[in-house]
Amino acid sequence: MKDLNPKQLEAVHTTDGPLLVLAGAGSGKTRVITYRIAHLIETCGFRPEQILAVTFTNKAAGEMKSRVLTMLDPGLRTGSPLISTFHSLCVRILRRNIDKMNAAYTRAFTIYDTDDQLQVVRRIMKDLDIEDKSLTARQALSAISWEKNRGVSPAAYANREQVTDRSEKIARIFKLYEDRLRGSNALDFDDLLIKTVALLRKVPEVRSYYHERFRHVMVDEFQDTNGIQYELTRLIAVGSTEKVHGEEKREALWRERSFCVVGDIDQSVYGFRGSDFNIILGFQHDFEGTRLIKLEQNYRSTQTILEAANGVIAKNQRRLPKNLYATPELGAGEKIGYYQSFDGDGEASFVAEKIQEHLAQSPGTRCAVLYRTNAQSRLFEESLRRRNVSYNIVGGFSFYERAEVKDIIAYLKLAMNPNDDVAMARVINTPVRGIGKTTLEALARQQRDLGLSLWEALAIAVEQRELLSRTITALDAFRKVVVSLGELVAAGETLSEVIKAATMDTGYVRALQEEKSVEAEGRLLNIEELVTAAVEAEEQGESLRDFIDYAALVSDTDQYRADAQVTLLTMHSAKGLEFPVVFIVGLEEGLFPHSRAFESAEDLEEERRLCYVAITRAQKHLYITHAMQRRTWGEELPAEPSRFLNEVPLELLQDMSRGPSWLGFALRPETLHNRQAAAALRGEAPARVKNSSNYTGKTYNSVDGVREFFKQRARSGGEGRGPARRDGAGKRKELASGTGSANDSEFRVGSRVRHSKYGDGVVLRIEGAGEEAKLTVSFPGYGQKKFVAKYAALERV
DNA sequence: TTTAGTACACTTTTT
DNA sequence: GTGTACTAAA
């Protein structure tokens with residue numbers, strides 16, 4: 001405890017009553033939580049099981065768990081505190097108690113991820129014949145989720161005052177969606193929280209069990225909680241959601257008990273999924289006698305980086321004023337590197353080069369590239385790969401999202417809950433068993449008429465024998481496969497045995513082996529990996545149930561490895577992490593801030609908080625970059641510099657661009673004058689702040705500057721773009737002007753080429769000519785791949 | 001019924 | 001650029 005400052009120490013030592021810790025970025029928040037847990041166990045004598053700490057991501061939970069475990073005296077480690085995400089906490093509670101609620105669910109319930117939910121909605125829309133483009137399954141689902149999270153039932157939604165054509169459709173989908181999930185004994189991510197809250201409210205024994213058990217409840221990243229999550233934690237910590245009146249009652253409640261929430265409204269970046277930082281603002285009001293502790297000493301970043309972060313966040317209206325003090329020993333630090341590139345490739349090259357410099361100068365330095373959307377990662381992957389810099393990427397596609405992995409898991413889900421319609425629809429004909437569209441439709445019809453699950457409909461179909469005998473045989477074979485898997489589970493077979501049966505006895509692996517294609521090889525490897533993961537989980541004492549739940553709740557963010565030299569990740573995933581060297585890329589209007597945030601001032605402020613989060617990840621070196629044009633949806637479009645660039649105090653920036661840049665323009669005296677005038681105007685008219693036009697006003701000058709710059713560029717021919725740049729537009733022009741010939745094709749049989757994913761290979765065959773040509777390329781280790789020359793990112797070596 | 005080929009939508013951010 | 005959903009042919 002000696003290395004804590006007085007404020008941190010106060011937070012650790014406050015062990016009775018409600019406690020609100022406002023922790024600025026880099027102020028040692030996780031440290032405080034872990035020390036506090038250790039203190040409660042080692043000094044106050046609470047048993048580890050009496051402590052609950054809730055986080056939002058598995059990553060944060062895992063990190064906290066391991067830090068607590070290494071800190072605890074091994075002698076006192078009789079059990080471990082429950083450190084978990086909201087969702088896994090709910091799964092845990094529901095698996096033990098959901099049947100006590102009498103709500104048609106059993107403890108064998110299945111969890112539906114977003115993909116499963118979409119399948120359900122798509123099917124419903126098909127059944128209801130709602131298939132116009134104005135309402136996509138995705139939109140319907142997000143509307144439903146929004147309503148669910150606000151406690152609106154399908155009936156209440158249907159009876160609302162304003163009924164539009166759209167809302168009427170959604171109401172019908174909503175109703176069926178809930179029915180079908182219930183029929184499949186399935187819960188979606190929202191349900192996990194909603195049903196847990198309902199359970200704790202309805203069943204006093206369950207509520208008091210958890211209330212009595214957890215004497216100390218802690219919530220990390222509290223600014224990201226939504227109403228339901230808040231309710232959940234209150235039900236556990238307080239035993240009710242009522243305000244506790246009267247000094248005496250409060251004292252009785254808080255004796256040897258605490259409710260500690262930690263957060264920072266400037267880092268609230270999950271508004272899109274319903275989080276509401278008004279909850280943190282109202283906390284003291286909800287709990288009389290709340291102890292408030294502010295952690296304002298930043299131990300992470302240099303003075304320069306902090307000033308940049310403060311400069312940006314100061315532009316937000318909706319916030320609590322806050323001071324974040326730098327640690328003098330860390331010094332002012334280097335200026336912030338600014339780079340304007342011609343396009344996305346140029347940006348990626350700059351970043352990769354700088355990373356190489358840093359790694360050469362001080363080997364072992366951890367670098368991170370932060371972007372707004374996952375789609376941006378590709379260019380950085382390519383440029384790093386070209387330079388042989390190994391990297392670690394967080395997000396994108398997860399292992400558990402791969403088709404073959406989901407297939408095997410669907411079999412396991414069916415073994416435990418054959419009524420899981422989504423799982424059933426997924427594997428009933430995988431591998432192919434001759435159960436096609438017609439048969440499925442027949443089953444679906446019966447299902448609808450009799451109100452059954454797909455599984456029950458199948459059993460009846462087999463019995464009635466009204467289908468072709470060949471079909472009946474196929475259906476019965478499938479039924480037997482699932483039944484025998486179910487028997488294994490019922491007999492208490494081990495996780496590894498069941499998963500082996502799910503891969504072998506279903507014929508899944510055999511089908512892949514017979515395919516003998518490269519893709520099948522890859523799938524087999526993934527299945528192998530899944531089995532290995534299951535065996536390892538079993539060694540950790542996990543059951544099949546645990547394993548499946550884990551697969552449903554892990555996100556891509558969890559793949560983060562702290563030891564990697566270079567990490568590529570979104571700004572959202574970067575929350576809670578720190579890196580000596582940080583690149584924030586794609587600072588362009590429409591990308592960051594994202595165009596979806598343009599409509600409302602609130603959303604823009606959330607984007608700005610995201611910018612604040614991104615900047616404060618940096619410890620020593622920070623770079624910000626933007627491109628003059630960027631490829632979106634395959635189209636190269638001009639991009640305007642982000643308004644956030646203008647909000648960083650410009651004197652903190654050092655221009656590393658080749659040639660003239662936006663920054664150079666912004667720093668010209670007359671421009672500066674305009675900026676100051678604009679700033680003064682803003683200061684005089686604070687009432688207009690809510691108007692979003694105010695935001696565009698700030699970048700107005702700079703936008704003009706960019707146009708000017710573009711004009712100049714057109715005349716002078718532009719900055720030095722890399723000679724290796726593949727310019728799709730240029731090629732198209734050549735073709736159009738009639739110069740296209742066989743010569744036009746970059747490739748010949750025998751050419752050596754490089755692909756971003758498969759590495760170096762040799763062209764085996766070319767079909768067609770020019771950019772439409774189809775190339776067959778052999779890659780050592782990956783086999784043969786086919787590409788269309790126009791689309792494949794193939795480079796000649 | 002299956003498969004190959006093509007059209008098309010996709011891009012916030014996460015459990 | 002990429003993955004999925006639909007369509008046409010076998």
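Lettering follows sequence order; numbering is per chain, from 1.
Listed by chain and number, the residues in a ring-ring contact (aromatic ring centres under 6.0 Å, His included) with A/Y508 amount to none (sequence neighbours excluded). Residues that satisfy the salt bridge (Lys or Arg N to Asp or Glu O under 4.0 Å) test with A/K65, not counting sequence neighbours, are absent from this structure. Under the ring-ring contact (aromatic ring centres under 6.0 Å, His included) criterion, A/H594 pairs with no residue, sequence neighbours left out. Residues satisfying the ring-ring contact (aromatic ring centres under 6.0 Å, His included) test with A/Y177, not counting sequence neighbours, are none. Residues satisfying the ring-ring contact (aromatic ring centres under 6.0 Å, His included) criterion with A/F583, sequence neighbours excluded, are A/Y623. For A/T430, the side chain to side chain donor-acceptor pair (under 3.5 Å) criterion is met by no residue, not counting sequence neighbours. Take A/T30 and apply the side chain to side chain donor-acceptor pair (under 3.5 Å) test, not counting sequence neighbours, and it matches no residue.
The stacking criteria are not both satisfied for A/Y270 over the base of B/dT13, which would need a centre-to-centre distance under 5.5 angstrom and an angle between ring planes under 30 degrees.
Look at A/D220 and A/K29 and you find a salt bridge, because one of the NZ, NE, NH1 or NH2 atoms lies within 4.0 Å of a carboxylate O, short of that distance. With respect to A/K406 and A/D115, a salt bridge is recorded, a charged nitrogen being found less than 4.0 Å from a carboxylate O.
Ring pair A/Y270/A/H572 is tilted by interplanar angle, where 30° to 60° counts as tilted.
An OP1 or OP2 oxygen of B/dT13 is reached within less than 4.0 angstrom by a side-chain nitrogen or oxygen of A/N374. Side-chain N/O atoms of A/T439 include one lying less than 4.0 angstrom from OP1 or OP2 on B/dT1. For B/dT11, the OP1/OP2 oxygens have a side-chain nitrogen or oxygen of A/R138 closer than 4.0 Å. Side-chain N/O atoms of A/T570 include none lying less than 4.0 angstrom from OP1 or OP2 on B/dT11.
At a cut-off of 3.5 angstrom, the base of B/dT13 holds at least one donor-acceptor pair with the side chain of A/R372.
Remark: P of B/dT13 and CD of A/Q223 are 20 Å apart, rounded to the nearest angstrom. Across the protein-nucleic acid pair, A/Q229 atom CD and B/dT14 atom P stand 15 Å apart, rounded to whole Å. In this structure, CG of A/D188 is placed 14 Å from C1' of B/dT14, rounded to the nearest angstrom. One atom, CG of A/L468, and another, C1' of B/dT1, lie 11 Å apart when rounded to the nearest Å. Note: NE2 (A/H594) to P (B/dT14) measures 12 Å, nearest angstrom. For the pair A/K406 NZ and C/dG3 P, the computed distance is 16 Å after rounding to whole Å. Between A/R378 atom CZ and B/dC10 atom P the separation is 19 Å, expressed in whole Å. For the pair A/D220 CG and B/dT14 C1', the interatomic distance rounds to 16 Å; values are reported in whole Å.
Within residues 114-123 of chain A, the residues approaching DNA chain B are A/T114, by heavy-atom distance under 4.0 Å.
Counting any heavy atom pair closer than 4.0 Å across all strands shown, A/N429 reaches sugar-phosphate atoms only and no base atom. Heavy atoms of A/R470 sit nowhere under 4.0 angstrom from any nucleic acid atom.
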I'd like to know whether A/K148 forms a salt bridge (charged side-chain N to carboxylate O under 4.0 Å, His left out) with A/D191, so could you lay out the CA-CA distance, the side-chain angles of the two residues, the decisive distance to 0.1 Å, and finally the verdict. CA-CA 8 Å; A/K148 280 176 77 162; A/D191 287 330; 2.8 Å; yes
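Nearest nucleotide to the A/T438 side chain, out of B/dC10, B/dT13, B/dT1: B/dT1. Side-chain atoms of A/V432 lie closest to B/dT2 of the nucleotides B/dT11, B/dT14, B/dT2. Candidate nucleotides B/dT11, B/dT13, B/dT14 were compared by shortest atom distance to the side chain of A/S573, and B/dT14 ranks first.
Where A/T471 and A/F189 meet DNA chain B, the nucleotide closest to each residue was compared, and A/T471 sits on the side nearer the 5' end. For the pair A/K437 and A/L610, both in contact range of DNA chain B, the more 5′-proximal nearest nucleotide belongs to A/K437.
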Protein-nucleic acid N or O pairs under 3.5 Å, nucleotides 8-10 of chain C:
none

